[in-house]
Visitor: 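Handing you a structure now.
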Amino acid sequence: MLNFEYALPTRILFGRGMENRVGEEIRKQNGSKVLLHYGGESAVKSGLLDRVCRCLEASGLSYVLAGGVQPNPRLSKVEEGIRLAKEEKVDFILAVGGGSVIDSAKGIGYGIANEGDVWDFYSRKRIPEACAPVGVILTIAASGSETSDGSVVTNDRNKLKRDVGSDYARPQFAILNPELTFSLPEYQTSCGTTDILMHAMERYFTTVHNVELVDGFLESLMKTVMHNFRIVLEKPGDYDARAELMLAGSFCHNGLLTCGRKGDWASHALEHELGGMYDVAHGAGLAAVWGSWARYVYQTDVMRFAQFAVNVMGCVMDYAHPEKTALEGIAALERFLASTGMPISVRELGYKLTDNDIFSLADNCTDHGTKMIGAFRRLDYKDVTNIYKMAAE
Ligand code: NZQ
Ligand code: ZN
């Protein structure tokens, strides 16, 4: 097990009606003027935005509305939010929505609290030294951004989707009411749940040994997610199943399940280029590349893939041929994803990649061949090209 530090500063308010406590939570954080950040239309249509406004007013908070965040949030929107927040002298940012809105809110928080170009943090030119306080009312179980240190933004000018992580950006509070996710379209439920599974897998496939306790947490989380995923596809309004997914999404990505180990994150790096270039939904992009990544790297540690196959996917261990079990586990996960409507190749995602497309993706993913990705197996430009080629078929 590796050395680690773990602290979760985000206060979680979980359950029915908890969004009605948003005003008092912002007051506890000494907020007085709120930037109310939200997405396209779902929070308006459901009446949630209106209820949040009334709640802020009842707590004596003033606010300014800043809606219109798109999935794969854009840098231009973050910059617009920074300008507005400065003009209006905002001292608290409330994100009402999913990962895209939360990540955009964190970007605005960085922009208010630091001088200079906010993209510098995403392009790794500079490290943020502060972030304005952010609170969250979550409407989709997916990214885990409600408790994570991450923010992922797409630069509209060069189509690069990049992330920055810092503890400054962890939200002050996350309000998680599973009922707020009942209105999700099936495709978004599937994308979000796939992302949760992938966050578990990025951590599970590690080369660090003696991490049994967290292995067990991750296996349990993956099984719970798959079980409840099936239930919500049948019954979108099943509170208990939605609650399991919401809790899993946050617990999976708040740092607890990284304790003592090193995650891989190659599938995320591969997806971010697809998201930047083609604006695909994050979870669907992950599903489209994961199987190709897994088949490319599984020989690095066949027994870990066999453990996944047996303990998570319910395959029977073939002791004489563990490699067979490892491959069965990969195929079983792909069958599961396909059964929930997720693409398991880039072609199924709707894109026919040419050789040039693949070279551009690999070029961006490895910073023109200067950077390697992944930790389970380190992957260079050639490896990344090979994986995109496999995923394209
Ligand atoms: O814009 P609206 O109209 O609200 O619609 C959204 C959007 O179209 C809709 N939606 C959300 N809640 C809804 C709803 N529709 C009906 N009812 C509801 N209750 O869902 C669509 C997707 O929303 P989005 O916020 O994009 O989804 P998600 O939470 O999956 O976030 C994806 C973003 O998070 C990043 C991804 O890269 C992607 O940009 N990630 C952020 C991470 C982090 N900060 O730690 C980690 C992740 O790995 C991920 O990379
Ligand atoms: Zn993700």
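Only this structure's heavy atoms are used, side chains among them; waters, hydrogens and symmetry mates stay out.
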Visitor: Taking it one step at a time, do Asp363 and Tyr381 satisfy side-chain hydrogen bond (donor to acceptor under 3.5 Å, both in side chains)?
Guide: CA-CA 7 Å; Asp363 206 43; Tyr381 174 85; 5.0 Å; no
Visitor: Do the non-hydrogen side-chain atoms of Met222 and Phe308 ever get within less than 4.5 Å of each other?
Guide: yes
Visitor: With a 6.0 Å cut-off on the ring centroids, do Tyr122 and Trp119 count as close?
Guide: yes
Visitor: Please report the closest heavy-atom contact between Gln299 and Val302, naming both atoms and the distance.
Guide: CA-CG2, 3.9 Å
Visitor: Would you sort out whether Met201 and Ser267 count as a side chain to side chain contact (heavy atoms under 4.5 Å, CB included), showing the intermediate values?
Guide: CA-CA 10 Å; Met201 272 182 303; Ser267 301; over 6 Å; no
Visitor: Between atom OG1 of Thr258 and atom CZ of Arg203, what is the distance when rounded to the nearest 0.5 Å?
Guide: 3.5 Å
Visitor: With rounding to the nearest 0.5 angstrom, report the CD1 to OG1 distance, Ile12 to Thr147.
Guide: 5.5 Å
Visitor: Side chain to side chain contact (heavy atoms under 4.5 Å, CB included) with Tyr388: which of Asn386, Thr385, Val384?
Guide: Val384
Visitor: Specify whether His282 and His272 have parallel, tilted or perpendicular ring planes, treating 30° as the upper limit for parallel and 60° as the lower limit for perpendicular.
Guide: tilted
Visitor: Does a donor on one side chain sit under 3.5 Å from an acceptor on the other, for Tyr168 and Glu129?
Guide: no
Visitor: Would you check if Val310 and Val316 make a side-chain contact, meaning some heavy-atom pair closer than 4.5 Å?
Guide: no
Visitor: Counting C-beta onward and ignoring hydrogens, is there a side-chain heavy-atom pair between Tyr63 and Val52 closer than 4.5 Å?
Guide: no
Visitor: Does the separation of the ring centres of Phe217 and Phe251 fall below 6.0 angstrom?
Guide: no
Visitor: Would you say the side-chain atoms of Thr354 and Asp357 include a donor-acceptor pair closer than 3.5 Å?
Guide: yes
Visitor: Which heavy atom of Tyr239 sits nearest to which heavy atom of Pro178, and what is that distance?
Guide: OH-CD, 3.6 Å
Visitor: How close do Tyr6 and Gly255 get, heavy atom to heavy atom, and via which atoms?
Guide: CE1-C, 3.6 Å
Visitor: Check Ile112, Ile102, Ile26 against Ile93 for a side chain to side chain contact (heavy atoms under 4.5 Å, CB included) and give me the one that passes.
Guide: Ile112
Visitor: Is the shortest distance from a Lys or Arg side-chain nitrogen in Glu80 or Arg74 to a carboxylate oxygen in the other one below 4.0 Å?
Guide: no
Visitor: Apply side-chain hydrogen bond (donor to acceptor under 3.5 Å, both in side chains) to the pair Ser104 and His37, showing each step before the final yes or no.
Guide: CA-CA 8 Å; Ser104 182; His37 207 36; 2.8 Å; yes
Visitor: Would you mind reporting whether Val214 and Arg261 have side-chain heavy atoms less than 4.5 Å apart?
Guide: yes
Visitor: Check each of Val101, Thr181, Leu48 against Thr139 using the side chain to side chain contact (heavy atoms under 4.5 Å, CB included) test, and report the only one that passes.
Guide: Leu48
Visitor: Any ion pair linking Asp163 and Arg124 (charged N to carboxylate O, less than 4.0 Å)?
Guide: yes
Visitor: Strictly below 4.0 Å, N to O, side chains only: are Glu273 and Arg162 in salt-bridge contact?
Guide: yes
Visitor: Looking at Pro322 and Met317, what are the two nearest heavy atoms and their distance?
Guide: CB-CE, 3.7 Å
Visitor: Please find the pair of heavy atoms, one from Glu202 and one from Trp265, that lie closest to each other, and give the distance.
Guide: OE1-N, 2.7 Å
Visitor: Going by distance alone, is a donor N or O of one side chain under 3.5 Å from an acceptor N or O of the other, for Tyr110 and Ser166?
Guide: yes
Visitor: Salt-bridge test for Glu25 and Arg11: reply yes if a basic N is under 4.0 Å from a carboxylate O, no otherwise.
Guide: yes
Visitor: Within a reach of under 6.0 Å around NZ of Lys159, are more than 12 heavy atoms found that belong to other residues, nucleotides or ligands?
Guide: no
Visitor: Any side-chain heavy atom of Leu176 sitting closer than 4.5 Å to one from Ser250?
Guide: yes
Visitor: With a 4.5 Å cut-off on side-chain heavy atoms, are Leu180 and Ile175 touching?
Guide: no
Visitor: How long is the gap from CG on Leu286 to NE2 on His199, to the nearest 0.5 Å?
Guide: 6.5 Å
Visitor: Is the closest basic N to carboxylate O distance between Asp383 and Arg377 below 4.0 Å?
Guide: yes
Visitor: Might you confirm whether atom NZ of Lys235 has over 12 heavy atoms from other residues, nucleotides or ligands at distances under 6.0 Å?
Guide: no
Visitor: Kindly state whether the ring of Phe305 and the ring of Phe205 have centres lying under 6.0 angstrom apart.
Guide: yes
Visitor: Determine, step by step, whether Lys45 and Asp50 satisfy the salt bridge (Lys or Arg N to Asp or Glu O under 4.0 Å) criterion, reporting the C-alpha distance in whole Å, the side-chain angles of both residues, the deciding distance to 0.1 Å, and the verdict.
Guide: CA-CA 9 Å; Lys45 255 168 87 179; Asp50 201 43; over 6 Å; no
Visitor: State whether the side chain of Tyr351 and the backbone N or O of Tyr278 hold a donor-acceptor pair below 3.5 Å, judged by distance alone.
Guide: yes
Visitor: Grab the two heavy atoms, one from Gly31 and one from Leu61, that are nearest each other, plus how far apart they are.
Guide: O-CD2, 3.3 Å
Visitor: So, is the end of the Arg242 side chain (NZ or CZ) under 6.0 Å from the ring centre of Phe182 and within 45° of the ring's axis?
Guide: no
Visitor: When you measure from the side chain of Thr206 to the backbone N and O of Lys262, does any donor-acceptor pair fall under 3.5 Å?
Guide: yes
Visitor: Using a 4.5 Å cut-off on heavy atoms from C-beta on, say whether the side chain of Tyr38 contacts that of Leu65.
Guide: yes
Visitor: Give a yes or no on whether Lys371 atom NZ has more than 12 heavy-atom contacts from other residues, nucleotides or ligands under 6.0 Å away.
Guide: yes
Visitor: Has the side chain of Arg157 got a donor or acceptor atom that lies under 3.5 Å from a matching backbone atom of Leu75?
Guide: no
Visitor: Might you work through the salt bridge (Lys or Arg N to Asp or Glu O under 4.0 Å) test for Glu24 and Arg27, ending with a clear yes or no?
Guide: CA-CA 5 Å; Glu24 68 187 85; Arg27 279 259 167 244; over 6 Å; no
Visitor: Counting only N and O atoms by type, is there a donor-acceptor contact under 3.5 Å from the side chain of Asp156 to the main-chain atoms of Ser76?
Guide: yes
Visitor: Please evaluate residues Ser145 and Asp103 with respect to the criterion side-chain hydrogen bond (donor to acceptor under 3.5 Å, both in side chains), reporting the C-alpha separation (whole Å), side-chain torsions for both, the decisive distance (0.1 Å), and the verdict.
Guide: CA-CA 7 Å; Ser145 183; Asp103 288 359; 2.6 Å; yes
Visitor: Using side chain to side chain contact (heavy atoms under 4.5 Å, CB included) as the criterion, point out the one residue from Thr10, Leu8, Asp149 that pairs with Asn254.
Guide: Leu8
Visitor: If you apply the rule side-chain hydrogen bond (donor to acceptor under 3.5 Å, both in side chains), what do you find for Asn72 with Thr154, and how did you get there?
Guide: CA-CA 6 Å; Asn72 290 321; Thr154 298; 4.9 Å; no
Visitor: Under the side chain to side chain contact (heavy atoms under 4.5 Å, CB included) criterion, do Phe376 and Asp301 qualify, and how do the steps go?
Guide: CA-CA 9 Å; Phe376 184 75; Asp301 186 348; 3.6 Å; yes
Visitor: If you measure from the Lys or Arg side-chain nitrogens to the Asp or Glu carboxylate oxygens, is any gap between Glu79 and Lys86 under 4.0 Å?
Guide: no
Visitor: Using a 4.5 Å cut-off on heavy atoms from C-beta on, say whether the side chain of His321 contacts that of Leu327.
Guide: no
Visitor: Do NZ/NE/NH1/NH2 and the carboxylate oxygens of Glu19 and Arg51 come within less than 4.0 Å?
Guide: yes
Visitor: Does Ala391 offer a backbone N or O that forms a donor-acceptor pair with the side chain of Arg347 under 3.5 Å?
Guide: no
Visitor: With rounding to the nearest 0.5 angstrom, report the CZ to CG distance, Phe92 to Leu35.
Guide: 11.0 Å
